[in-house]
K.L.:
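One structure follows; several queries about it will come next.
Chain letters run A, B, ... following the sequence lines, proteins first, then strands; residues in each count from 1.
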Amino acid sequence: MASCELNASDRMQLQVASLLSGVSTHGDQHLAEVERDLVQMDVLLDEAIKKLCASFMAIDQAIGVQQETLDAVLATGMAAPEQNARLQALRDEIGRHVGAAVTGLQFQDMTSQLIGRMVQHLAGLRDVFGALGGNGAATLPESGSEEMLAMLDRIGDRVGARCAELNGLVRSTVNQRHMESGDIELF
Amino acid sequence: MTKTILAVDDSGSLRQMLSFSLKAAGYGVIEAVDGQDGLAKARQQKVDLVLTDQNMPGMDGLSLIKALRGMANYKSVPILMLTTESGDDIKAMGKAAGATGWLVKPFDPARLTEVVKKLIG
């Protein structure tokens with residue numbers, strides 16, 4: 001009878017060890033994949049914004065030259081007043097679009113901060129899984145339910161401590177939910 | 001004489017947009033990649049206005065403002081914080097550190113240059 005109980009206890013211990021190890025290993029693997037994807041996304045966004053900014057500057061410069069040329073034509077007095085007004089209206093419209101584009105192009109600054117925060121949280125979660133796995137199979141007691149419960153308590157405490165560290169890890173610095181320009185306050 | 005603005009931000013694209021907007025409005029722009037770099041550049045050349053981000057590696061915006069306010073020639077230079085953060089607590093810390101104003105990202109070029117013009121002409 002005692003032998004039978006011991007076998008059941010051994011089986012339970014093996015299952016617990018296997019579960020802890022599996023959760024730790026697979027959790028860590030999946031989080032590592034997410035982390036890699038986020039870092040890659042940040043790199044791609046960074047490269048994209050550099051190209052967008054370069055093209056935007058080139059377009060703006062070309063428009064500037066075009067407007068100077070038009071100004072020279074207008075100065076000759078060859079254009080009708082309505083054409084002058086139309087060109088001025090177009091110039092104002094371009095100015096508004098340029099302003100909106102400059103505001104929109106700032107998305108990468110915010111997304112990069114958000115990605116950085118996500119990566120830090122992922123690193124913290126991987127620590128949690130590490131704490132779970134590191135205290136699993138390697139430190140399983142040889143026998144006894146009480147010892148097993150005590151060991152699970154210790155694992156619970158360590159995971160809890162890692163989770164608490166994670167909660168205070170990184171403060172949220174980006175709360176924007178749209179790309180409209182923000183408030184201005186002079187003290 | 002062209003007024004010079006020191007733009008401090010760890011985001012390259014943000015610095016690019018700031019520089020583009022301020023130069024289009026007729027200002028000279030010096031860029032710095034973080035607080036420490038900003039402080040070094042402010043020491044090298046007296047600027048007319050400082051625009052700084054808050055969250056940067058190394059020295060953050062609040063620390064930069066405190067360091068600048070500790071320098072005799074930056075006691076009264078306008079310093080604007082340009083950040084994603086908009087909480088009352090951090091704004092109060094900025095004000096206590098010596099910031100002249102608080103601008104929440106993203107910025108609109110017309111509104112930014114309007115504020116800059118109001119402060120330094």
K.L.:
Specify which of A:Leu105, A:Thr173, A:Ile49, A:Thr103 makes the most heavy-atom pairs with chain B at under 4.5 Å.
P.N.:
A:Thr173
K.L.:
With a 4.5 Å cut-off on heavy-atom pairs, point out which of A:Asp60, A:Val98, A:Asp183 contacts chain B the most.
P.N.:
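If we count pairs closer than 4.5 Å to chain B, A:Asp183 comes out on top.
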K.L.:
Could you tell me whether a side-chain N or O of A:Gln106 sits under 3.5 Å from a main-chain N or O of B:Lys105, the two making a donor and an acceptor?
P.N.:
no
K.L.:
Can you tell which part of B:Ile90 gets under 4.5 Å to a heavy atom of chain A, answering side chain, backbone, both or neither?
P.N.:
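Interface part for B:Ile90: side chain.
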K.L.:
Examine whether an atom of B:Ser21 lies under 4.5 Å from a heavy atom of chain A, and if so say whether it belongs to the side chain, the backbone or both; otherwise answer neither.
P.N.:
side chain
K.L.:
side-chain hydrogen bond (donor to acceptor under 3.5 Å, both in side chains), that's the test. Do A:Gln108 and B:Ser13 meet it? Break it down for me.
P.N.:
CA-CA 7 Å; A:Gln108 191 259 348; B:Ser13 61; 3.0 Å; yes
K.L.:
Side chain, backbone, both or neither: which part of B:Ala24 has a non-hydrogen atom closer than 4.5 Å to chain A?
P.N.:
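Neither the backbone nor the side chain of B:Ala24 comes within 4.5 Å of chain A.
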K.L.:
On a heavy-atom basis, which atom in B:Phe107 and which in A:Ser181 lie closest, and how many Å separate them?
P.N.:
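Result for this residue pair: C-CB, 4.1 Å.
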K.L.:
Do side-chain atoms of A:Gln176 reach the backbone of B:Thr84 as a donor and acceptor pair under 3.5 angstrom?
P.N.:
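Here the side-chain-to-backbone pair exists.
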K.L.:
Could you tell me which portion of A:Asp46 (side chain, backbone, both or neither) has an atom closer than 4.5 angstrom to a non-hydrogen atom of chain B?
P.N.:
neither
K.L.:
Sequence neighbours left out, what passes ring pair (Phe, Tyr, Trp, His ring centres under 6.0 Å) with B:Tyr74? Give chain and number order.
P.N.:
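Listed in chain order: nothing, the list is empty.
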K.L.:
Chain B heavy atoms under 4.5 Å from A:Gln113: which part of the residue, side chain, backbone, both or neither?
P.N.:
side chain
K.L.:
What's the shortest heavy-atom distance between A:Cys53 and B:Met17, and which atoms?
P.N.:
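For A:Cys53 and B:Met17, the tightest heavy-atom pair comes out as SG-CE, 3.4 Å.
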K.L.:
Of the backbone (N, CA, C, O) and the side chain (C-beta and beyond), which part of A:Phe56 lies under 4.5 Å from a heavy atom of chain B, both, or neither?
P.N.:
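Just the side chain, heavy atoms under 4.5 Å.
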